[in-house]
Amino acid sequence: MRSTVKTRSPLSASNAKKLEELCAWISENSQQVLGWSQLIQQSGFTKEQLVELFQLYKQMTPLAFVRKVRQQHKKSHSLYSQPQLFDHIKNSVNASDPLN
């Protein structure tokens, strides 16, 4: 007897869109506590579905993606939190600009 339970295809356009929306949400909320319960609640997927979708679309686990986003935010924040470094870069660019 065949099961009548319909499972979502992991490669559907709908799932890809939902995953991209979740990734954007993770990026916007990366400074918050983001564990399995938050990811499941936000996405509507089960833990197993999230793992499968992230592996298919991002080639990493959901929590590895969260760590990656946090590292990227930390790097970009550290550049702007060091004004002398930013000024040095800006002055180097201005010094090499022939229009100045």
Side-chain angles (χ1 to χ4, degrees):
M1 184 172 184
R2 294 174 67 173
S3 172
T4 58
V5 175
K6 185 176 180 180
T7 58
R8 289 186 250 193
S9 167
L11 295 174
S12 73
S14 172
N15 283 350
K17 183 177 185 228
K18 287 179 183 179
L19 185 66
E20 288 307 315
E21 289 170 355
L22 178 62
C23 290
W25 179 84
I26 289 170
S27 183
E28 293 167 5
N29 295 280
S30 65
Q31 300 307 311
Q32 307 299 318
V33 173
L34 297 178
W36 286 113
S37 59
Q38 291 81 11
L39 297 177
I40 290 166
Q41 182 179 9
Q42 183 65 31
S43 70
F45 292 116
T46 66
K47 179 180 177 181
E48 293 77 16
Q49 289 169 324
L50 281 172
V51 169
E52 184 178 14
L53 288 168
F54 268 87
Q55 288 295 342
L56 287 169
Y57 291 106
K58 301 291 183 186
Q59 292 74 48
M60 65 181 68
T61 67
L63 297 181
F65 181 80
V66 170
R67 284 190 297 273
K68 180 180 175 184
V69 167
R70 287 180 175 160
Q71 288 172 344
Q72 289 172 340
H73 284 204
K74 188 176 180 181
K75 273 185 180 180
S76 66
H77 178 70
S78 67
L79 175 65
Y80 294 110
S81 67
Q82 299 175 10
Q84 70 279 7
L85 179 60
F86 183 72
D87 288 341
H88 175 72
I89 293 169
K90 187 172 86 177
N91 291 339
S92 297
V93 170
N94 287 340
S96 64
D97 186 354
L99 298 176
N100 281 336

Close side-chain approach of Leu19 and Asn15, heavy atoms under 4.5 Å: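 Heavy-atom side-chain distance check fails, nothing below 4.5 Å.
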Distance (rounded to the nearest 0.5 Å) between Trp25 CH2 and Gln42 CD: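 Result: 4.5 Å between the selected atoms.
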Verify side-chain contact (heavy atoms from CB on, under 4.5 Å) between Leu34 and Leu63, making sure each step is shown before the conclusion. CA-CA 8 Å; Leu34 297 178; Leu63 297 181; over 6 Å; no
Quick check for you: to the nearest 0.5 Å, what is the distance between Gln31 atom CD and Lys74 atom NZ?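 Atom-to-atom, Gln31:CD and Lys74:NZ are 10.0 Å apart.
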Might you point out which heavy atoms bring Ser30 and Val69 nearest each other, and give the distance in Å?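 It is CB-CG1, 3.8 Å.
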May I ask you to test the Ser27-His73 pair for a side-chain heavy-atom distance under 4.5 Å?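 Touching, per the 4.5 Å side-chain cut-off.
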What closest approach, in Å, do Ser12 and Tyr57 show between heavy atoms, and which atom pair accounts for it?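 So the two residues come closest at O-OH, 3.3 Å.
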Filter on salt bridge (charged side-chain N to carboxylate O under 4.0 Å, His left out), then keep only pairs touching residues 53-62, sequence neighbours left out; what's left?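 Residue pairs with at least one partner in residues 53-62: Glu20-Lys58.
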Do Cys23 and Phe54 come within less than 4.5 Å of each other through their side chains, counting heavy atoms only?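 When only atoms from C-beta onward are counted, Phe54 and Cys23 do touch, with a gap below 4.5 Å.
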Reported CD1-to-NZ distance for the pair Ile26 and Lys68, which is rounded to 0.5 angstrom: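 Between Ile26 CD1 and Lys68 NZ, I get 12.0 Å after rounding to 0.5 Å.
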Do you know the tightest heavy-atom contact between Arg70 and Gln32?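 Where Arg70 meets Gln32 most closely, the heavy atoms are NH2-O, 2.6 Å.
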Ignoring hydrogens and geometry, is there a side-chain-to-backbone donor-acceptor pair from Gln38 to Gly35 under 3.5 Å?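 Yes, because the side chain of Gln38 sits within donor-acceptor range (under 3.5 Å) of the backbone of Gly35.
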Would you say Gln55 and Met60 make side-chain contact, with heavy atoms under 4.5 Å?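 No - every pair of side-chain heavy atoms lies 4.5 Å or more apart.
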Could you check if a side-chain atom of Phe45 sits within less than 4.5 angstrom of a side-chain atom of Leu22, using non-hydrogen atoms only?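 When only atoms from C-beta onward are counted, Leu22 and Phe45 do not touch, as no gap falls below 4.5 Å.
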So with a 6.0 Å cut-off around CD of Gln41, is the heavy-atom count from everything else above 12?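 Atom CD in Gln41 is not crowded, with 12 or fewer foreign heavy atoms closer than 6.0 Å.
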Minimum side-chain heavy-atom gap Ile40-Gln49 below 4.5 Å: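 No, side chains not in contact.
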May I ask you to test the Thr61-Leu50 pair for a side-chain heavy-atom distance under 4.5 Å?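 Not in contact.
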